[in-house]
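So that the names make sense, note that chain A is the first sequence line, chain B the second, and so on, each numbered from 1. Atom set for the values below is all heavy atoms of this structure, side chains included, hydrogens, waters and symmetry mates excluded.
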There are 2 protein chains.
Amino acid sequence: MTRQTNPDYLNGVPELLVLQLLARRPMYGYELVRAIEQTSGQVLEFGEGCIYPVLHRLEKEGHLASRRETVAGRSRVVYRVTAPGRKRLAGRLAVWRSVVAAVDQVLQGAQHAKSAVS
Amino acid sequence: MTRQTNPDYLNGVPELLVLQLLARRPMYGYELVRAIEQTSGQVLEFGEGCIYPVLHRLEKEGHLASRRETVAGRSRVVYRVTAPGRKRLAGRLAVWRSVVAAVDQVLQGAQHAKSAVS
DNA sequence: TGCCATACCTTGAACCACGAGGTATATCTC
DNA sequence: GAGATATACCTCGTGGTTCAAGGTATGGCA
């Protein structure tokens, strides 16, 4: 009960951030987990158990492509965004912005959004 | 797969909006569903199957209080926010804003938040 | 040698929005 | 007055997703 751990409001956010970060430059899973953590100032902390499944799913859907790389004896799976992936990113980004705008509208207004007039 | 219906990013949003709308004035369930739909410009469409459970849970937790009302032969359950409810609203609002800020930070920045030089 | 950080992965549980379905009354239409 | 529509309440089952925890393996450091 109570569910006091993490804040929520996060549904779909991992995928959005993964796509955006990878659109900037190819990265590997462990790196992504750290990048999200640091860049958000520790506000967003998606574990590996969240990020890896997202990566695998996106790759299976054709939105990401992966390539194995070995650096200093360590094997990494580096992901990059494909063309369909960029389209998906654009879509998810638009949805995110519209949702945030809609929530803010309900939070603030409510009185003026009724039916134009005033 | 597919899951193309609604955008997501919505986890916990219904509770936030319900608390905020009720903090403005008491309302009943059906009215809340409509209000959210209209005010958000049809972007957010939480069904009754989403709102009613939220209302019941919040009331059970003491964040809402209800009162039966009969208008034109129609029975309504009107909810209002309690003092603990207002505290919860403040908290959820703060979390929402911090999450949105964090997501935007990751979406935009990332290059300057790294660690200076490379 | 032992420990920690890196780097990958899977599994199980919990949660939540959603759709579909169910009841009942008032009003509007034909 | 018969039927459809709108109001108003409610519950249940499903599916997707985040999260915590655990599991494997290698390299660097003390």
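- Across the protein-nucleic acid pair, B:Glu48 atom CD and C:dC18 atom P stand 13 Å apart, rounded to whole Å.
- Regarding A:Asn11, its CG atom lies at a distance of 13 Å from the C1' atom of D:dC19, rounded to whole Å.
- Counting to the nearest Å, the P atom of C:dT23 and the OH atom of B:Tyr30 are 18 Å from each other.
- Comparing D:dC10, D:dT11, C:dA17 by their nearest atom to the side chain of B:Tyr79 picks out D:dC10.
- Using a 4.5 Å cut-off on side-chain heavy atoms (C-beta onward), B:Leu17 and A:Leu107 make contact.
- Proximity of A:Tyr28 to the phosphate of C:dC8: no side-chain N or O atom is located under 4.0 Å from OP1 or OP2.
- A donor-acceptor pair under 3.5 Å is formed between the side chain of A:Thr82 and the backbone N or O of A:His63.
- In this view, A:Glu69 and A:Arg67 satisfy the side-chain hydrogen bond (donor to acceptor under 3.5 Å, both in side chains) rule, not counting sequence neighbours.
- The nearest whole Å value for the distance from the CD1 atom in A:Ile51 to the P atom in D:dT18 is 8 Å.
- Between B:Tyr52 and D:dC10, a side-chain N or O to OP1/OP2 separation shorter than 4.0 Å is absent.
- Using a 4.0 Å heavy-atom criterion, one finds that B:Arg76 contacts the sugar-phosphate atoms exclusively.
- Backbone-only engagement by B:Gly29 is indicated by non-hydrogen atom pairs under 4.0 Å involving sugar-phosphate atoms exclusively.
- Rounded to an integer number of Å, the gap from CE of A:Met27 to C1' of C:dT6 is 15 Å.
- Look at CZ on A:Arg74: it is 16 Å from P on C:dC4, rounded to the nearest Å.
- Contact check, B:His56 against D:dC9: no side-chain N or O comes under 4.0 Å of OP1 or OP2.
- Residue B:Glu31 is out of contact with every strand shown, counting any heavy-atom pair closer than 4.0 Å.
- The residue B:Arg57 sits apart from the nucleic acid: no heavy atom pair falls under 4.0 Å.
- The interatomic distance linking A:Glu15 (CD) with D:dT18 (C1') rounds to 13 Å, in whole Å.
- Backbone-only contact: A:Arg34 has heavy atoms under 4.0 Å from sugar-phosphate atoms and none from a base.
- The backbone N or O of B:Ala102 sits nowhere less than 3.5 Å from a side-chain atom of A:Ser40 that would complete a donor-acceptor pair.
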Audit row: B:Trp96, B:Val13, side chain to side chain contact (heavy atoms under 4.5 Å, CB included) steps and yes/no: CA-CA 8 Å; B:Trp96 165 253; B:Val13 169; 4.0 Å; yes

